[in-house]
Amino acid sequence: MYVGRILSIGMNASGRPFVAYRVSSRSFPNRQCMAFENRAAIIPKEGFEKDIFENTYITYNCIRIVKDIAIVANGSHTDVIADKIYVGMNIKDAIAYSLLTMDYEKDDYNTPRIAGVVTSTNSKEDYKCCIGIATNKKILVEEVPYGKAAYISTYGAQKPNCVDFDATNSEEAAQLIFDGGKFADFEKPVTSAGALFDGEWTIKVVNP
């Protein structure tokens, strides 16, 4: 089954906050994910840089770390959410604001925007995790309960779906969403990234 771009967020089986992101693509498969300090970016592979002139939506930060909070999304709204959180907006409102103002992508497929934010604390009182989507028909933002993980995709799974996420570190998180567990059912993986909090956020990527 093809579900397009996917993100997963919440707590892993050990109660560690995480985010994970995967590009699945039929139209622009020549992409890779690069990890930098406090962010991961989707960019064209060497030799395919001109693809951005065919589709401006294929290059963006997919993970940002701000104030020990992790943001994951499938487009430039990653940075909008990060900026709003940086100036003090709460997580739910930051997601809702970005999805409302930027809306779905105006490409040939009306590709939805998906996004999630999770705090680094494992204290139930202070923990916060939200996931959202903007399609051409709806905008939805929901909380992911403490101790749980969920995923959402641009096609096929356009609402939060519970998932078992047993990755124990960032490298395993990136690999799991690429081709492991439930995510092995989804076609045409291209590249992925994962970040898991274990005293600090670390970001790892998969580029097969």
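- Salt-bridge formation is detected for the pair Asp79/Arg64: a Lys NZ or Arg NE/NH1/NH2 atom is positioned less than 4.0 Å from an Asp or Glu carboxylate oxygen.
- Between Cys129 and Pro17 there is no side-chain heavy-atom pair separated by less than 4.5 Å.
- Within the model, atoms CD1 of Ile133 and NZ of Lys159 stand 11.5 Å from one another, a figure rounded to the nearest 0.5 Å.
- Under a cut-off of 6.0 angstrom, the local environment of OH in Tyr60 is crowded, with over 12 non-hydrogen atoms contributed by other residues, nucleotides or ligands.
- Counted within 6.0 Å of NZ on Lys137, heavy atoms from surrounding residues, nucleotides or ligands total 12 or fewer; the atom is thus considered open.
- A donor-acceptor distance shorter than 3.5 angstrom exists from the side chain of Trp201 to the backbone of Asp68, with no hydrogens or angles considered.
- Using modelled atom types, one side-chain atom of Ser170 and one backbone atom of Thr202 make a donor-acceptor pair closer than 3.5 Å.
- Side-chain atoms of Thr191 and Asn207 form a donor-acceptor pair, as typed in the model, at a separation below 3.5 Å.
- No donor-acceptor pair under 3.5 Å is formed between the side chain of Asn74 and the backbone N or O of Arg113.
- In this structure, the separation between OG on Ser153 and CE on Met1 is 7.5 Å, given to the nearest 0.5 Å.
- Between the NZ atom of Lys84 and the CG atom of Asn90 there is a distance of 12.5 Å, given to the nearest 0.5 Å.
- The shortest non-hydrogen separation linking Ala193 to Ala174 is C-CB, 3.8 Å.
- Contact check for Val19 versus Ile63: side-chain heavy atoms found under the 4.5 Å cut-off.
- Clustering ILVMFWY residues whenever any of their side-chain heavy atoms sit less than 4.5 angstrom apart, transitively, puts Met11 in the very cluster that holds Ile9.
- Atom NZ of Lys138 has more than 12 heavy atoms from other residues, nucleotides or ligands within 6.0 Å.
- Residues Ala20 and Val72 approach most closely at O-CG2, 3.8 Å, considering heavy atoms.
- Side-chain contact between Ser192 and Tyr21 is absent, with no heavy-atom pair separated by less than 4.5 Å.
- The closest side-chain donor-acceptor pair between Ser25 and Arg31 falls under 3.5 angstrom.
- Taking the side chain as every heavy atom from C-beta outward, Pro44 and Ile52 approach each other to under 4.5 Å.
- There is no side-chain donor-acceptor pair under 3.5 Å between Thr154 and Thr111.
- With His77 contributing its side chain and Ile114 its backbone, the two residues share a donor-acceptor pair below 3.5 Å.
- Under the 4.0 Å criterion applied to side-chain N and carboxylate O atoms, Asp198 and Arg16 are assigned as salt-bridge partners.
- With a 4.5 Å cut-off on side-chain heavy atoms, Leu140 and Pro160 count as touching.
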* To do: Determine, stepwise, if the pair Glu142 / Lys92 fulfils salt bridge (Lys or Arg N to Asp or Glu O under 4.0 Å).
  => CA-CA 8 Å; Glu142 291 188 4; Lys92 186 176 181 180; over 6 Å; no

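- A cation-pi arrangement is absent between Lys50 and Phe48, since the terminal nitrogen or guanidinium carbon is not both under 6.0 Å from the aromatic centre and inside a 45° cone about the axis.
- Note: the hydrophobic cluster containing Leu176 also contains Val163 (ILVMFWY, side chain heavy atoms under 4.5 Å, direct or indirect links).
- Cluster partners of Ile81, using a side-chain heavy-atom cutoff of under 4.5 Å among ILVMFWY residues and allowing indirect links, are Val66, Ile69, Ile71, Ile85, Tyr86, Val87, Ile91, Ile95, Leu99, Leu100, Val117, Ile139, Val141.
- Considering CD1 of Ile177 and NZ of Lys182, their distance stands at 13.0 Å, rounded to 0.5 Å.
- Within 6.0 Å of CD in Glu171 there are 12 or fewer heavy atoms belonging to other residues, nucleotides or ligands.
- A ring pair (Phe, Tyr, Trp, His ring centres under 6.0 Å) check over residues 137-192, counting only residues at least two apart or in different chains, returns the pairs Phe18-Phe165, Tyr127-Tyr146, Tyr151-Phe183, Tyr151-Phe186.
- With hydrogens and angles ignored, the 3.5 Å screen pairs a side-chain donor or acceptor of Lys106 with a backbone N or O of Tyr104.
- A side-chain donor-acceptor contact under 3.5 Å links Glu49 to the backbone of Gly47.
- The number of heavy atoms from other shown groups lying within 6.0 Å of OH (Tyr109) does not exceed 12.
- Interatomic distance, CE of Met34 versus CD1 of Ile203, reported as 12.5 Å (0.5 Å rounding).
- Residue Ala73 comes nearest to Thr78 through the heavy atom pair CB-OG1, 3.2 Å, listed as atom of the first residue, atom of the second, then distance.
- At most 12 non-hydrogen atoms from other residues, nucleotides or ligands lie less than 6.0 angstrom from CG of Asp164.
- Taking CG of Asn110 as the start and CG of Asn136 as the end, the distance is 5.0 Å to the nearest 0.5 Å.
- Counting heavy-atom neighbours within 6.0 Å of Lys124 NZ, excluding the residue itself, gives a total of 12 or less.
- Salt bridge present: Glu143 and Lys128 bring a charged side-chain N and a carboxylate O closer than 4.0 Å.
- Hydrophobic clustering (side-chain heavy atoms under 4.5 Å, transitive across Ile, Leu, Val, Met, Phe, Trp, Tyr) groups Phe36 together with Ile43.
- A pairwise comparison of heavy atoms in Val144 and Ala150 identifies CG2-CB, 4.1 Å as the closest pair.
- By the 4.5 Å heavy-atom criterion applied to side chains, Ser24 and Val190 are not counted as neighbours.
- Taking 4.5 Å as the limit, some side-chain heavy atom of Met102 sits within range of a side-chain heavy atom of Val80.
- Remark: Phe53 CZ is loosely packed, at most 12 non-hydrogen atoms of other residues, nucleotides or ligands lying under 6.0 Å away.
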